[in-house]
Chemist: 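Provided herewith is a single structure, encoded as structure tokens, for subsequent inquiry.
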Amino acid sequence: MKRIAKSKLIEFLKSKGELWVKTREGFQQSDAEAFAGRASKSVKNMVLPREETLLVFFKPDGKNVDYDEIYDDRKRILFGLSPCDAKSIELLDLTFIKTSPTDSYYKQRRENSVLVVLACNSPSKTCFCKSFGYGPFTELGDVFLVDIGDVYLVKILSDKGKALLEGLELEDAADAELAKLEELKSTAESKVQDIGIPKDIADRLYANFESDFWEKIAFRCVNCGACTFYCPTCYCFDIQDVERTNWGWRERTWDSCMFAIYSLETSGHNPRPTGMHRMRNRIMHKFSYYEKIHGQHLCVGCGRCVDVCPTGFDIREVVKQAAKLEVTR
Amino acid sequence: MSRNGNPYKPIKARLERVIVESDDFSLKTFEFKLLEGNHFDYMPGQFCEVSVFGKGEAPFGIASSPTEGELLKFTVNKAGVVTTALHEAEEGMIFGIRGPLGNWYPIDKFKGHNVLVVGGGFAFTTLRSLIVYILHNRNEFGELEVIYGARRPGLLLYRDELFEWEKRDDMKLHLTVDREFPGWTRHVGFVPQVLERVAPSPKDTFAVVCGPPIMIKFTLPVLAKLGFEKDKVYTSLEKRMKCGLGKCGRCNIGEKYICKDGPVFSLAELEELPPDL
């Protein structure tokens with residue numbers, strides 16, 4: 001572990017490019033100190049933005065069309081991701097980069113982002129990252145930092161991180177500082193829960209696809225979709241054309257599986273007509289389907305969905321109840 | 001970045017020909033030519049996303065066969081925003097096409113075996129592609145038998161072609177309409193009933209079934225009764241789609257995406273998935 005004064009690192013990062021700092025609210029273009037906890041909005045906003053333009057088209061005469069793709073080619077330093085943010089990017093990469101065909105828009109933004117991860121000193125009450133085999137001090141990203149007061153402890157984890165910090169003089173961390181790290185780490189880790197996800201949860205949920213379990217858990221949900229928008233791993237999107245006189249653009253926006261229109265077909269048929277169907281699909285996607293496809297759950301245990309739900313739906317409770325389901329299949 | 005690097009960027013295509021298919025104008029066939037030297041290889045059963053710039057994209061099964069040359073054919077029911085705009089389009093207009101997307105009928109498995117095609121209504125598009133493909137490579141397959149029905153004669157797709165097929169001696173074609181119609185001398189009755197009447201042998205035969213959900217529902221038990229095994233019956237599914245690439249999320253059944261892992265599935269494969277259609 002190396003060390004550097006906070007102000008020095010921030011000055012340096014500012015000189016290296018477009019600096020986006022994670023505040024309590026989320027990422028902002030700023031030179032403030034990064035918040036060493038879970039922000040309100042996740043890093044998803046930075047790699048898969050709420051809306052983005054895919055194509056711009058021109059229709060000069062009602063018959064011909066010309067169009068081209070539009071890329072966000074800004075290079076950004078993302079400063080202060082919490083480990084759960086970094087973990088969520090790993091999960092998004094599975095779908096958008098590692099599964100063919102690669103999503104060129106996501107990939108471009110991802111390659112142009114350097115991830116400076118900051119250990120989470122103050123997990124929230126709803127945090128349960130420990131359930132997924134990592135924690136608030138797990139070393140992730142391109143550069144890993146720990147906020148120990150006036151100083152950041154620094155560890156470079158990738159070539160990208162090395163390139164970012166090139167020219168910055170780092171000192172060796174003092175023993176007292178490493179002791180401080182251990183102290184912060186054990187305090188933070190003691191605050192996050194391990195909800196005990198059963199190893200066979202993917203098959204367990206699958207086997208109970210037609211159980212009344214889903215009606216029971218979906219009962220309080222009002223299908224507002226807040227959980228999916230705040231979720232750092234919910235990536236479902238919509239594609240729409242916007243038309244102006246003689247020109248327009250094709251945009252991609254976040255969508256939510258909690259909305260009826262998400263799967264509503266033109267014929268009027270909807271394969272997921274009720275809140276129960278949609279809740280079931282969301283939970284199964286996270287704890288069954290994603291694992292069957294990619295070997296990992298589509299959840300990082302950040303707890304945002306629990307905090308933002310207007311009716312107190314708690315995904316931790318759902319998993320705990322699922323653990324009690326019988327496997328009948 | 002080239003189109004190959006961006007799976008969301010369509011290929012420019014010119015609408016060469018529009019053919020009215022149905023007597024109520026609800027179904028038209030659109031023939032496109034890819035522009036700027038583009039060409040892609042595809043197989044019967046695959047689909048494309050067709051762009052009407054300013055309205056959006058919609059997925060359509062490819063109705064042409066790769067053996068027919070460069071024109072891509074889609075038969076489209078006028079139903080929503082994109083399909084209505086397509087129906088209003090004139091020949092010569094420029095559109096966008098992304099594809100080919102999804103998997104295809106397992107033609108390699110079919111080779112050397114008999115093929116039974118059962119279709120209903122306007123779901124006959126990729127079945128046409130399959131039939132034309134088999135007829136073009138006739139010696140590579142065994143018997144070809146086709147049962148195709150619509151509500152009335154004027155709703156059968158590709159009528160001129162159907163009547164040509166009827167004259168061939170290297171395939172059997174059974175056409176049916178739901179009710180008696182003046183001048184109609186072929187089968188009368190729903191597709192499942194005609195299937196039961198015709199009773200094709202399951203021996204060494206693969207079945208491909210496409211049609212409206214109600215037809216599928218009543219056809220599958222008949223096939224089972226005739227002795228067709230689940231791993232030898234194939235169907236093509238559809239759901240609302242956006243990306244066509246297995247990313248946007250909405251067209252899944254269980255962990256399978258219809259756009260990417262499908263649209264063609266065997267009944268045996270479907271049985272492994274949760275009932276979420």
Side-chain angles (χ1 to χ4, degrees), chain A residues 54-55 57-59 62-69 71 95-96 99-108 202 206 209-210 234-244 247-248 250 252 255-257 261-267 269-272 277 280-281 284-285 288-293, chain B residues 1-10 12-15 49 51-58 77-83 89-96 101 212-213 238-258 260-261 272-277:
Chain A
L54 303 181
L55 304 167
F57 53 84
F58 296 92
K59 304 188 355 175
K63 185 171 181 181
N64 291 295
V65 182
D66 262 310
Y67 52 91
D68 208 354
E69 59 215 308
Y71 282 100
T95 288
F96 287 97
T99 303
S100 178
T102 292
D103 187 298
S104 47
Y105 298 90
Y106 176 90
K107 185 167 171 247
Q108 170 104 350
Y206 224 92
F209 192 81
E210 294 178 273
C234 274
Y235 59 78
C236 289
F237 59 83
D238 192 9
I239 300 174
Q240 294 282 347
D241 280 9
V242 179
E243 194 172 28
R244 300 281 184 262
W247 77 291
R250 178 161 296 166
R252 157 154 81 185
D255 202 345
S256 173
C257 62
I261 198 173
Y262 172 77
S263 52
L264 178 66
E265 294 162 19
T266 309
S267 65
H269 173 66
N270 193 341
R272 295 193 268 269
H277 294 92
R280 180 172 66 188
N281 188 60
M284 296 269 302
H285 189 209
S288 187
Y289 306 153
Y290 217 65
E291 195 197 277
K292 284 182 185 285
I293 300 170
Chain B
M1 198 181 275
S2 72
R3 175 183 70 84
N4 293 333
N6 180 354
Y8 298 95
K9 188 176 180 185
K12 228 182 238 188
R14 187 173 57 228
L15 180 58
E49 287 278 352
S51 281
V52 182
F53 292 97
K55 304 298 178 198
E57 284 186 301
N77 179 36
K78 185 174 167 181
V81 175
V82 173
T83 56
E90 289 169 21
E91 290 164 1
M93 282 172 70
I94 304 297
F95 295 84
L101 301 167
E238 54 181 17
K239 262 192 180 185
R240 186 184 174 109
M241 288 177 192
K242 286 286 177 174
C243 72
L245 309 167
K247 304 206 188 295
C248 79
R250 53 182 56 58
C251 74
N252 72 302
I253 325 178
E255 72 276 23
K256 300 286 186 200
Y257 289 100
I258 289 182
K260 185 163 181 283
D261 303 303
E272 294 297 309
L273 297 172
D276 201 18
L277 271 168

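Letters go in sequence order (proteins before strands), and every chain restarts at 1. Reckoned from all heavy atoms, side chains included, excluding hydrogens, waters and symmetry mates.
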Chemist: Identify which part of B:Pro275 has an atom lying under 4.5 Å from any heavy atom of chain A, answering side chain, backbone, both or neither.
Modeler: both
Chemist: Are there over 12 heavy-atom neighbours, none belonging to A:Lys63, within less than 6.0 Å of that residue's NZ?
Modeler: no
Chemist: Determine whether a donor-acceptor pair (N or O, by modelled atom type, separation under 3.5 Å) exists between the side chain of B:Lys247 and the backbone of A:Phe96.
Modeler: no
Chemist: At a heavy-atom separation under 4.5 Å, does A:Phe209 approach chain B through its side chain, its backbone, both, or neither?
Modeler: side chain
Chemist: Please identify, among A:Asn64, A:Thr266, A:Asn281, A:Asp103, the residue contributing the most non-hydrogen atom pairs under 4.5 Å to chain B.
Modeler: A:Asp103
Chemist: Ignoring hydrogens, what is the shortest heavy-atom contact between B:Leu245 and A:Pro101? Give both atom names and the distance.
Modeler: CD2-CG, 3.8 Å
Chemist: Hey, which of A:Cys257, A:Cys236, A:Gly248 has the most heavy atom pairs under 4.5 Å with chain B?
Modeler: A:Cys236
Chemist: Under a 4.5 Å cut-off applied to non-hydrogen side-chain atoms, are B:Lys9 and A:Ser104 in contact?
Modeler: no
Chemist: Could you go through the side chain to side chain contact (heavy atoms under 4.5 Å, CB included) check for B:Ile253 and A:Tyr289 one step at a time?
Modeler: CA-CA 10 Å; B:Ile253 325 178; A:Tyr289 306 153; over 6 Å; no
Chemist: Where on A:Asn270 is there a heavy atom nearer than 4.5 Å to chain B: the side chain, the backbone, both, or neither?
Modeler: neither
Chemist: Would you mind checking if B:Arg250 and A:Asp255 are paired as a salt bridge, meaning a charged N to carboxylate O distance below 4.0 Å?
Modeler: yes
Chemist: Let's test your reading of the structure: which of B:Glu90, B:Arg14, B:Lys239 forms the most heavy-atom pairs below 4.5 Å with chain A?
Modeler: B:Lys239
Chemist: Taking every non-hydrogen pair under 4.5 Å, which of A:Val242, A:Leu55, A:Thr102 racks up the most with chain B?
Modeler: A:Leu55
Chemist: Quiz question: by atom type and distance under 3.5 Å, do the side chains of B:Tyr8 and A:Arg252 form a donor-acceptor pair?
Modeler: yes
Chemist: Counting N and O atoms only, with roles assigned by atom type, does the side chain of A:Tyr67 sit under 3.5 Å from a partner on the main chain of B:Lys12, one being a donor and the other an acceptor?
Modeler: yes
Chemist: Between A:Arg250 and B:Pro10, what is the shortest heavy-atom contact and its length?
Modeler: NH1-CG, 4.0 Å
Chemist: Measure the spacing between OH of B:Tyr257 and CD1 of A:Ile293 and express it to the nearest 0.5 Å.
Modeler: 5.0 Å
Chemist: Are B:Lys242 and A:Gln240 close enough that some pair of their side-chain heavy atoms sits under 4.5 Å apart?
Modeler: yes
Chemist: If I take atom CZ from residue A:Arg272 and atom CG from residue B:Asn252, how far apart are they, to the nearest 0.5 angstrom?
Modeler: 4.5 Å
Chemist: Can you say whether A:Tyr105 sits under 4.5 Å from chain B via the side chain, the backbone, both, or neither, judging by heavy atoms?
Modeler: side chain
Chemist: If you take all heavy atoms of A:Tyr206 and B:Pro274, which pair is closest and at what distance?
Modeler: OH-CD, 3.1 Å
Chemist: Could you tell me whether the side chain of B:Ser51 reaches within less than 4.5 Å of the side chain of A:Val65, counting heavy atoms only?
Modeler: no
Chemist: Taking all heavy atoms of A:Ile239 and all of B:Cys243, pick out the closest pair and write down the distance.
Modeler: CD1-CA, 4.2 Å
Chemist: So, taking the atom named NE2 in A:His277 and the one named CG in B:Asp276, what distance separates them when rounded to the nearest 0.5 Å?
Modeler: 7.5 Å
Chemist: Checking A:His269 side chain against B:Leu277 main chain: does a donor-acceptor pair fall under 3.5 Å?
Modeler: yes
Chemist: Do you know which of A:Arg244, A:Lys107, A:Glu210 has the most heavy-atom pairs with chain B at a distance under 4.5 angstrom?
Modeler: A:Glu210
Chemist: With side chains defined as the heavy atoms from C-beta onward, is the minimum distance between B:Glu238 and A:Ser267 less than 4.5 Å?
Modeler: no
Chemist: Are A:Tyr262 and B:Arg240 packed together at the side-chain level, in the sense that at least one heavy-atom pair is separated by less than 4.5 angstrom?
Modeler: no
Chemist: Assess the residue pair B:Met93 and A:Lys59 against the criterion (side chain to side chain contact (heavy atoms under 4.5 Å, CB included)); give the C-alpha distance rounded to whole Å, side-chain angles, the decisive distance to 0.1 Å, and a yes or no.
Modeler: CA-CA 11 Å; B:Met93 282 172 70; A:Lys59 304 188 355 175; over 6 Å; no
Chemist: Which region of B:Val81, side chain (C-beta onward) or backbone (N, CA, C, O), has a non-hydrogen atom less than 4.5 Å from a non-hydrogen atom of chain A, or is it both or neither?
Modeler: neither
Chemist: For A:Ser288, is it the side chain, the backbone, both or neither that has a heavy atom under 4.5 Å from a heavy atom of chain B?
Modeler: neither
Chemist: Go through the atoms of B:Lys260 and report whether side chain, backbone, both or neither lie under 4.5 Å from a heavy atom of chain A.
Modeler: side chain
